[in-house]
Amino acid sequence: MTAVREALPAPVQGRERWLARRRWARAGWLYLFMLVMSVFFLGPFLMGVLSSVKENPNEYPPRLIVPQLTPAAIGRAYRLGVAGSGDGWQGGLVPGRRVTFEVTVATRAGQAARPPSAALFTYQPTSLVGNVKYAQASDYAQVTLGAPVRTPAGDRYRVTVTYPSLTRTSGKLVDAVLSAPDGADLRARLQDGRVVPVVLDTPEAQSHAFDLSEYQPVRLVQADDRYVLSGPLLERTPLQVDVQRGQSFASTTLPPSDIQNFSRSYAFRNITPGVLGYTFNNYRRAFRETNVVETGQSLFLRWTLNSFLIAALKVVSSVVLASLAGYALARLRFPGRSLIFLAVLFVQMVPTQVTLVSNYLVLKNLGLLNIWGLWVSGLVGAGGVFLMKQFFEGLPKELEEAASIDGASPFTTFWRVMLPQAGPALIALTITTFQGAWNDFFWPLVILRDQSSFTLTVGLSNFRELYGGQGDYALILAGAVLSAIPVIVVFVVFQRYFVSGGTDAAVKG
């Protein structure tokens, strides 16, 4: 090859080198364009995913390094969770536990070092769709500050949070959930389903008799046949530490959740988070902070299940009805077939807003302003019928002729011969229907009234209105990421069928 190139005249060799450089330049520009497009389309989603795990998603400038994803911070969160509840993953604070949190304070040269002030504070979100008021650590635990230890970075203090048990009775520890009280007496539902009376045998326990709400997780001490209250199980331990003017924070065991007062006031929403409570705190909040007051059930979980239910129902009804209608319009001959097909095309062209009022009145008169009305009003779409008709028209007629020679009826021909050939088209219809039902917002917003019957998109709009007003966008981002996952999974799993479509398969059939 080298000999051949050496045999070529100089102008030809120069042109080959020019063509090679041109090919590499085109390839480079193509990859650069693809990279820019990837950043343009995927960048907002990736930043949303990263911001959804941050304590403060509003930080500016935004950073790609997230403390919640660093191994060192995750390890400290695990150890604090073990100290608070014995569970390094879920975290929390239980009666009888003691947690130590370290804070290092730097003092300006020439100024006397003063210890910081530390206190537990109440962290109870207020702008909620539904809310069950749980017990707060500030009502049950005490804070003490240890002596300083001189370090090169400053004075290190140990902030110790102690949660004493409300009873001095010893026995087997049992976790339960408070149920509806019997008059003034507390009752709790055990893990085996039994409802038992709760005994308050100390003045400390009796002072909190009316503070505890229904659905509050508690720890009991089983002694003989009695169940004595040891204390509520606390999900979080919010701590605030303030330093004096001229001092600053050099380091803390966990990064602060909020910084105020010119960086002299650090707030930690939970110093006993555990791994899940630290890294995925906003996702856990999405499920736990919104609940039905009457039942204690998570509203976010209910909205998610409603979205899955309505998406599954619409997929099943669309696949069945659209395939039947498409086959009839494509293959069967009957009076009015062309008019029906024109009607299908016309329905596709009519905006949804035109039929909004009439559809709403029909559902209202039928008493279907609920999730079942949402399904009935979208049993099958005109686009699905059109897709299946075009697909069946592309199948060879020899398939039907062979089935007819064997004595098959029209339905048998459809069910046993034609429908098995329609796999790619049915999958494409399934994906588009699922995506449309999952992301549908306007129509569910119009007809759904009860919060428990909301779909996820409507519920997230409530999140935006209630939490966005307080600048708490982390929970909204977490909910948005969770809502996007099912659609992404469905598309990734079936994307090759979605891209190829039904036309190629029709030719193969």
Side-chain angles (χ1 to χ4, degrees), residues 67-68 70-103 118 120 123 132 134-144 146 158-178 188-192 194 196 198-199 201-202 204-205 208 211-212 215-223 226-239 252-255 257 268-285 287-289 296 298:
Q68 283 74 16
T70 57
I74 293 175
R76 289 193 289 270
Y78 179 85
R79 290 192 292 272
L80 289 170
V82 172
S85 65
D87 188 346
W89 293 96
Q90 296 291 341
L93 187 62
V94 301
R97 289 281 180 166
R98 176 177 298 176
V99 180
T100 300
F101 192 82
E102 293 186 347
V103 176
L120 298 172
Y123 178 70
V132 174
Y134 292 108
Q136 296 289 315
S138 57
D139 297 328
Y140 294 89
Q142 294 88 40
V143 178
T144 56
R158 285 189 171 183
V159 181
T160 303
V161 177
T162 306
Y163 181 11
S165 174
L166 297 178
T167 180
R168 286 172 282 279
T169 303
S170 59
K172 180 182 178 183
L173 298 178
V174 178
D175 290 342
V177 177
L178 291 183
R189 183 180 299 278
L190 304 180
Q191 294 180 346
D192 59 5
R194 288 184 297 148
V196 298
V198 178
V199 178
D201 64 342
T202 62
E204 294 86 356
H208 294 289
D211 297 343
L212 300 174
Y215 309 117
Q216 169 68 53
V218 294
R219 173 155 292 179
L220 307 176
V221 177
Q222 182 180 3
R226 299 191 311 159
Y227 290 88
V228 184
L229 178 66
S230 177
L233 302 178
L234 306 173
E235 180 180 338
R236 59 174 66 92
T237 310
L239 177 69
T252 55
T253 303
L254 289 179
S257 308
F268 306 87
R269 293 177 186 171
N270 190 6
I271 63 168
T272 57
V275 175
L276 297 179
Y278 182 66
T279 304
F280 301 104
N281 177 46
N282 295 317
Y283 292 88
R284 196 164 71 168
R285 289 178 58 204
F287 283 100
R288 293 189 176 183
E289 285 191 5
S298 169

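For the single chain, residues carry numbers from 1 onward in sequence order.
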What are the two closest non-hydrogen atoms of [X] and [Y], and how far apart are they?
X: A223; Y: T169; result: CB-CG2, 3.7 Å
X: W89; Y: Y78; result: NE1-CE1, 3.9 Å
X: A135; Y: L212; result: CB-CD2, 4.2 Å
X: Q136; Y: Y123; result: OE1-N, 2.9 Å
X: S165; Y: P95; result: CA-CB, 4.1 Å
X: D211; Y: Y140; result: CB-OH, 4.2 Å

Show which side-chain atoms of residues 268-276 pair as donor or acceptor with protein atoms under 3.5 Å away, not counting sequence neighbours.
residue : atom : partner : partner atom : Å
N270    : OD1  : T237    : N            : 2.9
N270    : OD1  : T272    : N            : 3.0
N270    : OD1  : T272    : OG1          : 3.2
T272    : OG1  : G92     : O            : 3.4
T272    : OG1  : T237    : OG1          : 2.9

Could you walk me through whether L229 and L220 satisfy the side chain to side chain contact (heavy atoms under 4.5 Å, CB included) test, starting with their C-alpha distance in whole Å, then the side-chain angles of each, then the deciding distance to 0.1 Å, before giving a yes or no? CA-CA 5 Å; L229 178 66; L220 307 176; 4.0 Å; yes

Distance from [X] atom [atom1] to [Y] atom [atom2], nearest 0.5 Å?
X: R98; Y: T144; atom1: CZ; atom2: OG1; result: 7.0 Å
X: Q142; Y: L120; atom1: CD; atom2: CG; result: 9.0 Å
X: H208; Y: Q216; atom1: NE2; atom2: CD; result: 11.5 Å

Stepwise, does the side chain to side chain contact (heavy atoms under 4.5 Å, CB included) test hold for D175 with L233? CA-CA 9 Å; D175 290 342; L233 302 178; 4.0 Å; yes

Answer yes or no: is there an ion pair linking E102 with R79, defined by an N-O contact shorter than 4.0 Å? no

Going through the distances and angles, do L80 and F101 end up as a side chain to side chain contact (heavy atoms under 4.5 Å, CB included)? CA-CA 8 Å; L80 289 170; F101 192 82; 4.2 Å; yes

Judged by atom type as modelled, is there a donor-acceptor pair below 3.5 Å linking the side chain of [X] to the main-chain atoms of [Y]?
X: S298; Y: F287; answer: yes
X: Q68; Y: F280; answer: no
X: R76; Y: T253; answer: yes
X: T202; Y: L166; answer: yes
X: Q90; Y: E235; answer: no

When you compare the side chain of Y278 with that of P67, does any pair of heavy atoms fall below 4.5 Å? yes

Kindly indicate whether the side chain of V99, heavy atoms from C-beta on, has any atom under 4.5 Å from the side chain of L93. yes

Would you please test V174 and V221 for side chain to side chain contact (heavy atoms under 4.5 Å, CB included) and show each step? CA-CA 6 Å; V174 178; V221 177; over 6 Å; no

Go through Y227 and R194 one step at a time and tell me if the side chain to side chain donor-acceptor pair (under 3.5 Å) criterion holds. CA-CA 12 Å; Y227 290 88; R194 288 184 297 148; 3.3 Å; yes

